Number of protein chains: 2
Amino acid sequence: MNRVKATSLPGTLSFRFGILGAMVTDLFVAALGPLDLKPKHVGMLVLLDTGGPAAQLEIARTMGVAPSLVVSLADHLEKLGAIQRVRDAADRRRQVLSLTDQGRDLLAAGLAAANRLDADLAEPLSEQDRKELGRILGILAAEAGLPH
Amino acid sequence: MNRVKATSLPGTLSFRFGILGAMVTDLFVAALGPLDLKPKHVGMLVLLDTGGPAAQLEIARTMGVAPSLVVSLADHLEKLGAIQRVRDAADRRRQVLSLTDQGRDLLAAGLAAANRLDADLAEPLSEQDRKELGRILGILAAEAGLPH
DNA sequence: TATTGTTATACTCTATAACTATA
DNA sequence: TATAGTTATAGAGTATAACAATA
């Protein structure tokens with residue numbers, strides 16, 4: 001087993017992932033501004049899109065955030081008309097969230113913003129490197145349990 | 001010019017960078033806990049290490065944070081004995097920060113933590129993919145102006 | 001009693017504004 | 001008057017704890 005260790009902190013994957021991730025997030029926040037969304041709102045839309053309707057507590061667990069945060073994210077998305085909240089008739093404690101057509105439109109707008117950002121981000125890379133980066137990040141994302 | 005666009009948000013580089021970056025940062029925070037450091041403290045140590053002694057305002061500009069934040073980061077690092085604050089004799093308004101031997105030790109401990117994290121992070125990747133990822137992140141890091 | 005969602009409260013991080021010392 | 005640093009204050013984001021409704 002190979003153990004290549006970086007000899008300086010800026011050379012580590014961790015350092016680079018942390019800082020580049022924060023930069024990308026800042027840019028994404030700016031790009032989402034006109035849509036009145038934050039990254040966590042988009043994350044919730046993605047979850048409802050890929051996993052289908054879900055109760056708030058399920059969402060909290062999947063996203064790894066507090067249930068109280070799901071309440072305010074859902075409040076906002078409901079106000080935008082992006083999701084519907086329906087009480088589960090079988091268990092009236094559950095609020096089942098589902099994507100509306102407007103929500104799907106918002107998600108598409110978020111995707112467009114991310115694709116524009118991707119183009120900027122990948123600008124210094126060769127075509128080959130872009131493909132490689134996408135493939136390798138895909139492996140790490142799958143390992144981390146992110147939706148595809 | 002090629003324009004491969006992702007068809008789903010979780011497939012974008014931006015989404016993956018943002019979420020993986022946040023996950024790695026959380027893990028890094030946990031790993032730094034015993035050292036009584038946060039990622040921004042480490043960032044400041046890295047800057048003093050790679051760029052040599054610098055005034056607080058220079059650091060604020062390079063790190064892209066408010067000068068008042070540099071004050072509290074420097075307060076903490078000074079309390080730990082990791083940096084020295086010396087008034088510039090030529091311009092007594094400037095506080096010049098420099099790394100101490102203890103600071104260099106802390107930095108080495110932070111590097112060790114990052115290397116351990118890197119090993120976990122890269123675990124699902126082939127040897128070839130690890131190299132590729134390191135190389136490509138290096139390009140992006142350089143483009144973003146990170147220290148090497 | 002246990003669970004789902006909600007509300008109330010508090011904590012962390014960081015920025016902006018006001019202030020002090022020096023130029 | 002302008003600049004470096006500091007202190008005071010405020011805002012964003014999110015968690016924890018208390019509470020209400022339902023099981």
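Only a predicted model underlies this, so the values are computations on that prediction, with no experimental measurement involved. Every chain is numbered from 1, with letters handed out A, B, ... down the list of sequences.
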Would you say the ring centers of A:Phe17 and B:Phe17 fall short of 6.0 Å from each other?
yes

Taking atom C1' of D:dG5 as reference, at what distance in whole Å does atom CZ of B:Arg94 sit?
12 Å

Rounded to whole Å, CD of A:Glu58 lies from P of C:dT3 at a distance of 15 Å

Give B:Arg85 one of three labels, base, sugar-phosphate or nothing, depending on what nucleic acid heavy atoms sit under 4.0 Å from its own.
sugar-phosphate

Could a donor-acceptor pair under 3.5 angstrom be found where the side chain of B:Ser68 meets the base of C:dT14?
no

Between A:Ser72 and A:Asp91, which has a closest nucleotide on DNA chain D that is more 5'?
A:Ser72

Does any donor atom in the side chain of B:Gln56 or B:Arg85 lie under 3.5 Å from an acceptor atom in the other side chain?
yes

I need the CD-P distance between B:Glu78 and D:dG5, as an integer number of Å.
13 Å

Heavy atoms from C-beta onward define the side chain here; which of D:dT16, C:dT6, D:dG5 lies closest to that of A:Ala66?
D:dT16

Check whether any side-chain N or O of B:Arg87 sits under 3.5 Å from a backbone N or O of B:Arg93 as a donor-acceptor pair, and report yes or no.
yes

To the nearest Å, how far apart are B:Gln95 CD and C:dT20 C1'?
13 Å

More than 12 heavy atoms of other groups within 6.0 Å of A:Arg92 CZ:
no

Atom-to-atom span, CD of B:Gln56 to P of C:dT22 - whole angstrom
15 Å

Given atom CG of A:Leu73 and atom P of D:dA12, what is their separation to the nearest angstrom?
15 Å

Considering only D:dA23, C:dC13, D:dT7, which nucleotide approaches the side chain of B:Lys38 most closely?
C:dC13

Base D:dT3 paired with B:Arg93 side chain (donor-acceptor, <3.5 Å)
yes

Quick one: B:Leu69 CG to D:dT9 P, roughly how many Å, whole number?
19 Å

Taking B:Arg61 first and then B:Glu58, would you say they form a salt bridge - that is, a charged N and a carboxylate O separated by under 4.0 Å?
no

Provide, to the nearest angstrom, the distance between the CG atom belonging to A:Asp88 and the P atom belonging to D:dA21.
19 Å

Give A:Val65 one of three labels, base, sugar-phosphate or nothing, depending on what nucleic acid heavy atoms sit under 4.0 Å from its own.
sugar-phosphate

Please confirm whether the shortest side-chain N or O distance from B:Lys40 to OP1 or OP2 of C:dC13 is below 4.0 Å.
no

